[in-house]
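Residue numbers start from 1 in every chain, and the chains themselves are labelled A, B, ... in the order their sequence lines are given, proteins ahead of strands. Any value given below was found using the heavy atoms of this structure, including those in side chains, with hydrogens, waters and symmetry copies removed. Values in this document were obtained by computation on a predicted structure and should not be read as measured data.
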There are 2 protein chains.
Amino acid sequence: MNSIKELFINRYGLSPENFDLFYSNITEVTRSKGEEIISKGEIHHSVYFIKKGAVRSYYINADGKEITYWFGFEGDVIASLGNFVESKPSLETIELLEDVELWKIDRSKLLDLYNTNIELANFGRQLAEIGLLEMEQQILLNQVTDAKTRYLSLIEKHPQILQRVKLGQIASYLGITQVTLSRIRAQK
Amino acid sequence: MNSIKELFINRYGLSPENFDLFYSNITEVTRSKGEEIISKGEIHHSVYFIKKGAVRSYYINADGKEITYWFGFEGDVIASLGNFVESKPSLETIELLEDVELWKIDRSKLLDLYNTNIELANFGRQLAEIGLLEMEQQILLNQVTDAKTRYLSLIEKHPQILQRVKLGQIASYLGITQVTLSRIRAQK
DNA sequence: GGATTCTTTTTACATATGTTAAATTGTAGG
DNA sequence: CCTACAATTTAACATATGTAAAAAGAATCC
């Protein structure tokens, strides 16, 4: 175990007892760079927490191009929201950018915990609410600032991202082509 | 009361008893077009559900321009997420586009309910998770599709939006200028 | 109903971004 | 160390979008 435990306890206010209850339902797994942990079109029955490593979530657009729209790092949650919330096939693919250590839990087991333990239910609520806040900030950032600013704030937030993620993937995340990203990088 | 009750019971799986408990903490209020229900820089202590009417959430960018990034209609939740989740001053302003009927509840009262009633805690969790799914879809839509497609899908989703919202606000929501929106509208 | 104000569209021009392809640089394997 | 392949940058051109200002169209008020 490790710092995720502290994250759970400090950030989400879980008591040690209920953390242990939660953790007793976790399986620790490792997966290799390049693997897909969630694949487009499929139904998945697990939710993951990233203990170590980096992942990306991408969508294939009408032209067949991969559009990266989320990067996940240590402490983040991996789930296909369409899957989890509405039991629909996943629209996105989640791919491992590095070798990854994960905490895995069954969706149905997690829902059981939520429905029987009020502290865990509120843990799940806060998990979702913090995700909401982060997503809102991303929507705002995408709408308010230009690609150059977003690029700079991305590398400020994740200083090692340039070593971990290819520029083409970062460009699609920023909503621009790789050529434009190269021009931005050449500027400063 | 009205169709929001059915929404709560059918969509979020609330039992009638717990809906009544929730509703006993609600104050029904009406506000007039043009008012600000949440203002930038302030701390707010309420959460609202839209019974009738339309609102928009906007942010003022570095050039002093209002950037609309969310429209809310019947059934939607109004809260400053930064306020609600992290007790920080609101970055956004929420303005009423029409005369509006709202359900109002104190943030602290809502948290009390979440912490004492497991069904309501899971109601709150689902509220946030469904919001997550919607936001993810918007992020995806913004990244994958061009402004014209997004414009068409917006009026498909909210057919009356052109009667309720000004084009300049829709343009900023789409991330383009009003001139470009006019060109798009002239095309088809 | 006419004047005033607000909203939307159109025009002309400058600039930024996309596209395609070539050149360069970096990386991994034998 | 060399080769082959992958990733990134650069170049040239076409297109789309932004800016600023004017024109046209709607709505409001007296």
- Taking CG from A:Leu174 and P from C:dT17, how many angstroms apart are they, rounded to a whole number? 12 Å
- Between A:Asn61 (CG) and C:dG18 (P), how many Å, whole number? 13 Å
- Distance flag, aromatic centroids of B:His158 and B:Phe71, threshold under 6.0 Å: no
- Residues at least two apart in sequence or cross-chain that pass side-chain contact (heavy atoms from CB on, under 4.5 Å) with A:Ala171, listed by chain then number, are A:Ile176, A:Gln178, A:Leu181
- Rounded to whole Å, CG of B:Leu162 lies from P of D:dA26 at a distance of 15 Å
- Would you check if there is a donor-acceptor pair between the side chains of B:Tyr23 and B:Glu28 at a distance under 3.5 Å? yes
- Gap separating the CG atom of B:Asp76 from the OG atom of B:Ser57, nearest 0.5 angstrom: 11.5 Å
- Donor + acceptor pair across side chains of B:Tyr173, B:Arg150 (<3.5 Å): no
- Degree of bending, the helix from C:dG1-D:dC30 to C:dG30-D:dC1 (end axes from five pairs; round to 10°): 40°
- Message: If the threshold is 4.0 Å, N to carboxylate O, is there a salt bridge linking A:Glu74 and A:Arg164?
- Response: yes
- Distance only, no hydrogens: is a donor on one side chain within 3.5 Å (strictly under) of an acceptor on the other, for A:Asn117 and A:Asn18? yes
- Task: Assign a letter to each nucleotide of nucleotides 9-22 of chain D from its 5' end: B, base within under 4.0 Å of a protein heavy atom; S, sugar-phosphate only; -, no contact.
- Result: BBBB----SBBB--
- Message: How many whole angstroms separate atom NZ of A:Lys166 from atom P of C:dA28?
- Response: 11 Å
- Using 30° and 60° as the class limits, which term best fits the ring planes of A:Trp103 and A:Phe8: parallel, tilted or perpendicular? perpendicular
